[in-house]
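One is the number of the first residue; the rest follow in order along the sequence.
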Amino acid sequence: SRARAMLSVLRRGRAGHAVGARPMSLMVKASPTVQRLIRAAGLESYPLTGTGPKGIVTDEDVSVAKAAKAVEDEAARQPVTIDLKPLKVHNLDESYLPTSAVTNKAELMQYYETMYTMRRMEIAADVLYKGKFVAGFCHLYDGQEAIGMGIEAATTYGDSIVTSYRDHTYQYTRGDKIENVLGELLGKYIGPAKGKGGSMHMYRAQSNFYGGNGIVGAQTSLGAGLAFAHKYRNDGGVALTLYGDGAANQGQLFEAVNMAALWKLPVIFVCENNQYGMGTSTNRGSASTDYYSRGQYIPGLKVDGMNILAVREAVRVAKAHALAHGPIMMEMDTYRYHGHSMSDPGITYRTRDEVSGIRSTRDPVDLVKSWLVGLELATEAEVKAVEQKVRKEVEAAVAKAKAASPPPREELTRDIYSGPYAPPRMCNL
């Protein structure tokens, strides 16, 4: 059919060969009526070939492109099965644990774009910090993107998340804009905390994201409280409370686990084991490094935290368990590329070779790319196009964050008390 022939041409064009097609974003020639047809068909960013005079796109061209896109979309939804490494478990029936994951091109492309955005956003934060645009602390998440993406792929905004101060990307995956996340780092009013919280205090209650928390381990008891709210409301949601291996020895974690077990709260305790608590390696800071088993009387499982599909499938298991039986503990085996915070060079307690070795063998973003290209689900050109698109979006977000306004002076005394605002008594200026 003409649609399939068109699809073949479009694929060759996406592989880097000129075919004379231009996306609407590059100002395709078309009448206002045809432009409306393009928008109605969702073809704004789809390559269109104009067969009319002087390359003008006609309504028939739109129909052909729409049919070609439908064929392409159907192909992108064809299932692909990827084998997973066995999970390590504690007090959990292994018979229903996943050994593989089913995905498809469309899904993997979406994962790749989101994870690549997370990576570029954190790199932008690094550059802004080094340029002295960021005041206060700054803890980056690059290297750990598969955890955040896997959690989001297995849950909904009806489930609650609360995490530590390594929180920028969760603000983004919970629906906020890149410029707002970066704006908070820069102390701008567009930030989720109105520029008054900074890196450690992201927050988006409308998506059930209850923030980063600057006190080590404090979020674990908050997570148990969020799970109590889900159970009290009977809304079918679970709470995920994320903490690092350094916080895994905090007493409040074990108190929260005890209460959650007593009340069978739908909570998932997620230890993001990135191998170092600040500058202390896990074997120097923990008598037991089997973090997934340290809930003792609640079950646990250990996951490859650098594999988004492994995380997704494991979180699905954990969510089902939490809803049916109560708390469960997960350990995500992961790695951070930066130091603990931007003030930590990250190479005084580990070598450059160690970091580069993890990058070259276990990088979570590159793993998704290897599936797409290695399984011939997408071409190198398609992946490159995603990367270029994301880079431009992040660059634009940086510019918007820099140009944004700081909080107005009256915000200095706001958000201290709930209820009606009463101006405080202050000194005369």
Exercise. Applying side-chain hydrogen bond (donor to acceptor under 3.5 Å, both in side chains), run through Glu354 and Tyr335 and close with a yes or a no.
Key: CA-CA 11 Å; Glu354 177 183 315; Tyr335 198 84; 2.7 Å; yes

Quiz item: Is the closest side-chain donor-acceptor distance between Ser281 and Asn283 under 3.5 Å?
Solution: yes

Quiz item: Does some side-chain heavy atom of Gln219 sit less than 4.5 Å from a side-chain heavy atom of Thr163?
Solution: no

Quiz prompt | pair Arg166-Asn274: side-chain heavy atoms closer than 4.5 Å | solution = yes

Quiz item: Taking the six-membered ring for Trp, is the centroid-to-centroid distance between Tyr292 and His90 below 6.0 Å?
Solution: no

Quiz item: Which pair of non-hydrogen atoms, one from Met118 and one from Met149, has the smallest distance, and what is that distance?
Solution: CE-N, 4.3 Å

Self-check item: Pairwise distance CD1(Ile308) to CG(Leu367) - rounded to 0.5 angstrom
Solution: 9.5 Å

Quiz prompt | Pair Glu72 + Lys69: basic N to acidic O under 4.0 Å | solution = no

Quiz item: Quick one: are Leu186 and Val134 in side-chain contact, heavy atoms under 4.5 Å?
Solution: yes

Quiz item: Do Asp304 and Arg362 pass the salt bridge (charged side-chain N to carboxylate O under 4.0 Å, His left out) test, and can you show the C-alpha distance, the side-chain angles, and the key distance before you say yes or no?
Solution: CA-CA 10 Å; Asp304 180 0; Arg362 295 186 66 204; 3.1 Å; yes

Quiz item: So do the side chains of Ile298 and Asn91 get within less than 4.5 Å of each other, counting heavy atoms only?
Solution: no

Exercise. Answer yes or no on whether Arg174 is positioned over the face of Tyr157, meaning its NZ or CZ is under 6.0 Å from the six-membered ring centre and within 45° of the axis.
Key: no

Practice problem: Please assess Ser95 against Asp93 for the test side-chain hydrogen bond (donor to acceptor under 3.5 Å, both in side chains), listing each intermediate value before the final yes or no. | Solution: CA-CA 6 Å; Ser95 63; Asp93 183 1; 2.9 Å; yes

Quiz item: For the residue pair Tyr112 and Tyr116, does the interplanar ring angle fall in the parallel (under 30°), tilted (30 to 60°) or perpendicular (over 60°) class?
Solution: parallel

Self-check item: Contact check, side chains of Leu309 and Thr103, non-hydrogen atoms, under 4.5 Å
Solution: yes

Quiz item: Mind checking whether Thr33 and Asp59 have side chains closer than 4.5 Å, heavy atoms only?
Solution: no

Quiz item: Quick check: does any side chain N or O of Glu145 sit under 3.5 Å from a backbone N or O of Gly143, one acting as donor and the other as acceptor?
Solution: yes

Exercise. Taking all heavy atoms of Thr220 and all of Ala256, pick out the closest pair and write down the distance.
Key: O-CB, 3.8 Å

Quiz prompt | Derivation of the side-chain contact (heavy atoms from CB on, under 4.5 Å) call for Asn213 and Met200 | solution = CA-CA 6 Å; Asn213 289 266; Met200 296 192 287; over 6 Å; no

Quiz item: Taking C-beta and beyond as the side chain, do Val267 and Val238 meet within less than 4.5 Å on heavy atoms?
Solution: no

Exercise. Step by step, work out the salt bridge (charged side-chain N to carboxylate O under 4.0 Å, His left out) result for Lys188 and Glu184.
Key: CA-CA 6 Å; Lys188 300 302 179 69; Glu184 187 61 43; over 6 Å; no

Practice problem: Answer whether the closest heavy-atom distance between the side chains of Gln252 and Tyr243 falls below 4.5 Å. | Solution: no

Quiz item: Which of these passes side chain to side chain donor-acceptor pair (under 3.5 Å) with Asp333: Lys88, Gln275, Lys302?
Solution: Gln275

Quiz item: Yes or no on side-chain contact (heavy atoms from CB on, under 4.5 Å) for His325 and Lys264, after CA distance, side-chain angles and deciding distance?
Solution: CA-CA 6 Å; His325 307 292; Lys264 292 182 169 43; over 6 Å; no

Exercise. Applying ring pair (Phe, Tyr, Trp, His ring centres under 6.0 Å), name anything that partners Tyr141, two or more places apart in sequence or on another chain.
Key: Tyr170

Quiz item: Angle class for the Phe228/Tyr232 ring planes (parallel below 30°, perpendicular above 60°, tilted otherwise)?
Solution: parallel

Practice problem: Would you sort out whether Val57 and Lys29 count as a side-chain contact (heavy atoms from CB on, under 4.5 Å), showing the intermediate values? | Solution: CA-CA 6 Å; Val57 175; Lys29 295 178 182 178; 5.8 Å; no

Self-check item: Distance in Å, Asn104 CG paired with Met109 CE, rounded so as to fall on 0.5 Å steps
Solution: 11.5 Å

Practice problem: Please test Asp159 against Asn208 for side-chain contact (heavy atoms from CB on, under 4.5 Å), starting from the C-alpha separation and ending with a verdict. | Solution: CA-CA 7 Å; Asp159 301 308; Asn208 276 321; over 6 Å; no

Quiz item: How long is the span from the OH atom in Tyr210 to the OH atom in Tyr203, to the nearest 0.5 Å?
Solution: 6.0 Å

Quiz prompt | Aromatic Tyr276 / basic Arg350 pairing, under 6.0 angstrom, 45° off normal | solution = yes

Self-check item: Rounded distance (nearest 0.5 Å) linking atom CD of Gln171 with atom CE of Met202
Solution: 6.0 Å

